[in-house]
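First up is the structure itself, then whatever we jot down about it.
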2 protein chains.
Amino acid sequence: MPHADSSQDPREAGHVHQETTGDLLMSAARSLRRAVWHSAGEWDVAPAQAKALGVVCREAPVRISRLAERLHIAPRSATEVVDHLQERGLVLREPDPVDRRATCVVPTEEGRRLQALLAESRRQATEGYLAVLDDEERAVLDRLVRRLVLAERPERA
Amino acid sequence: MPHADSSQDPREAGHVHQETTGDLLMSAARSLRRAVWHSAGEWDVAPAQAKALGVVCREAPVRISRLAERLHIAPRSATEVVDHLQERGLVLREPDPVDRRATCVVPTEEGRRLQALLAESRRQATEGYLAVLDDEERAVLDRLVRRLVLAERPERA
DNA sequence: ATCAGTTAGTGAGGTTACCTCACGATGAGG
DNA sequence: CCTCATCGTGAGGTAACCTCACTAACTGAT
């Protein structure tokens with residue numbers, strides 16, 4: 001009845017072997033996300049904000065509605081993401097010159113610098129996480145997960 | 001400047017090709033999570049509740065503190081998860097016979113039935129998502145992601 | 001038996017990150 | 001001009017987590 005010593009609990013002993021490929025895929029991704037999140041710890045940037053900053057730097061000037069699409073969130077929520085980034089001096093709002101209803105978001109110099117640091121830390125964390133696989137295995141994994149992702153967005157091939 | 005027609009935006013054309021293995025892994029997992037979530041839509045169960053119900057059914061009777069460990073959340077939060085499951089008649093709280101401070105959570109018949117349905121729907125959604133890969137590719141993917149996961153929990157091998 | 005330290009669950013209060021609805025300003029097309 | 005649609009955001013809300021504090025109960029030493 002008590003679960004004081006989980007390392008002796010027979011119900012867990014073979015747990016990894018019972019996990020399906022799907023479970024493992026999600027588990028691996030979760031671990032990678034944690035590694036990436038942890039690697040960016042010194043800059044205190046939430047994942048959603050980091051992602052938004054990345055979109056802004058890549059697609060500037062970008063409308064808030066467009067940012068919402070890219071982040072898969074409601075436009076109202078994208079407003080708040082931009083609020084936070086702007087508060088930190090990482091982005092600016094500018095009027096859209098061709099449509100006065102719209103607002104364009106652009107990165108500041110500081111925003112671009114932070115984005116570059118975050119991208120590098122993300123790259124290193126990923127590299128470290130995948131280091132358990134050799135070059136060929138990584139190439140195979142890349143091919144397989146790319147297949148999965150492309151199957152969902154064939155128009156992007 | 002305007003992004004009205006994103007399918008014509010050259011900045012996105014080669015996007016998938018620029019994505020790293022890590023990005024793709026996380027993207028694939030996200031899509032799988034969405035597929036699983038969507039497949040369970042008719043039962044209106046949040047992912048966290050589904051996961052908790054699974055733990056309760058597998059390890060019953062299970063203490064709330066143990067459940068919190070398994071869910072990687074604070075015990076206080078596990079209390080609320082159990083509250084919600086109990087409100088839906090899916091689990092019951094019982095006194096722990098060996099420690100009067102503790103509470104054990106057990107599934108109801110309805111809870112077990114729903115868990116079985118959720119597990120099957122999860123299995124089917126995963127199967128569907130991975131169908132784009134042939135048997136051998138799936139086996140390779142399984143092996144690779146299992147390597148990644150085991151590298152993190154070697155004591156569970 | 002007593003006591004100090006620890007454990008278990010939960011009330012109280014809080015935060016984050018999302019959401020819907022509604023609204024004013026603006027644009028497109030008839 | 002008018003109707004309908006678009007854009008961003010104010011107002012208000014929820015889910016899912018958290019910390020802190022507390023009471024009840026347990027453990028082990030004396």
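Lettering follows sequence order; numbering is per chain, from 1.
- Listed nucleotides D:dA25, C:dC19, D:dA5 differ in distance to B:R101; the shortest reach to its side chain belongs to D:dA25.
- Between D:dC18, C:dT10, D:dC7, one nucleotide has an atom nearer to the side chain of B:P75 than all others, and that is C:dT10.
- A:K51 places its NZ atom 10 Å from the P atom of C:dC18, with the value rounded to the nearest Å.
- Closest heavy-atom contact between A:G89 and A:E110: O-OE1, 3.9 Å.
- Rounded to an integer number of Å, the gap from B:D96 CG to D:dA24 P is 19 Å.
- Along DNA chain C, the nucleotide nearest to B:I64 and the one nearest to A:D99 differ in position, and the one closer to the 5' end is contacted by B:I64.
- Comparing A:R100 and A:A78 by the nucleotide of DNA chain C whose heavy atom lies nearest to each, the residue mapping closer to the 5' end is A:A78.
- Nearest nucleotide to the B:A46 side chain, out of C:dG9, C:dC18, D:dA16: D:dA16.
- Distances shorter than 4.0 Å separate none of the side-chain N or O atoms of A:S77 from OP1 or OP2 on C:dC18.
- Regarding contacts with the backbone of C:dG9, a side-chain N or O of B:S65 is found under 4.0 angstrom from either OP1 or OP2.
- On a pure distance criterion of 3.5 Å, no polar donor-acceptor pair joins the side chain of A:R63 and the base of D:dG8.
- Residues A:V81 and A:H84 fail the side-chain proximity criterion, which asks for heavy atoms closer than 4.5 Å.
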Hey, can you pull the donor-acceptor pairs under 3.5 Å for the side chains in residues 42-57 of chain A, sequence neighbours left out?
none

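- Of the candidate nucleotides C:dT20, D:dC17, D:dA16, C:dT20 has the atom lying nearest to any side-chain atom of A:A74.
- Contact check on A:R93 versus A:D83 returns a salt bridge, with a Lys/Arg side-chain nitrogen under 4.0 Å from an Asp/Glu carboxylate oxygen.
- DNA chain C lies under 4.0 Å from at least one heavy atom of each of the following residues of residues 80-94 of chain B: B:R93.
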Do any side-chain atoms of residues 123-132 of chain A form donor-acceptor pairs under 3.5 angstrom with protein atoms, and if so which ones, sequence neighbours left out?
residue	atom	partner	partner atom	Å
A:R123	NE	A:E120	OE1	3.2
A:R123	NH2	A:E120	OE2	3.0
A:Q124	NE2	A:E120	OE2	2.8
A:T126	OG1	A:R122	O	2.9
A:E127	OE2	A:R138	NH1	2.8
A:Y129	OH	A:A28	O	3.3

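- Nearest nucleotide to the B:Q49 side chain, out of D:dA16, D:dC7, C:dC18: D:dA16.
- Contacts of B:R76 with the nucleic acid, taken as non-hydrogen atoms under 4.0 Å apart, include base atoms.
- Note on A:T79: a base of the nucleic acid sits closer than 4.0 angstrom, heavy atoms only.
- Looking at B:R147 and A:E137, a side-chain N of the basic residue comes within less than 4.0 Å of a carboxylate O on the acidic one, giving a salt bridge.
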### Verdict with supporting geometry, A:T108 and A:L92, side chain to side chain contact (heavy atoms under 4.5 Å, CB included)
CA-CA 7 Å; A:T108 61; A:L92 291 174; 3.8 Å; yes
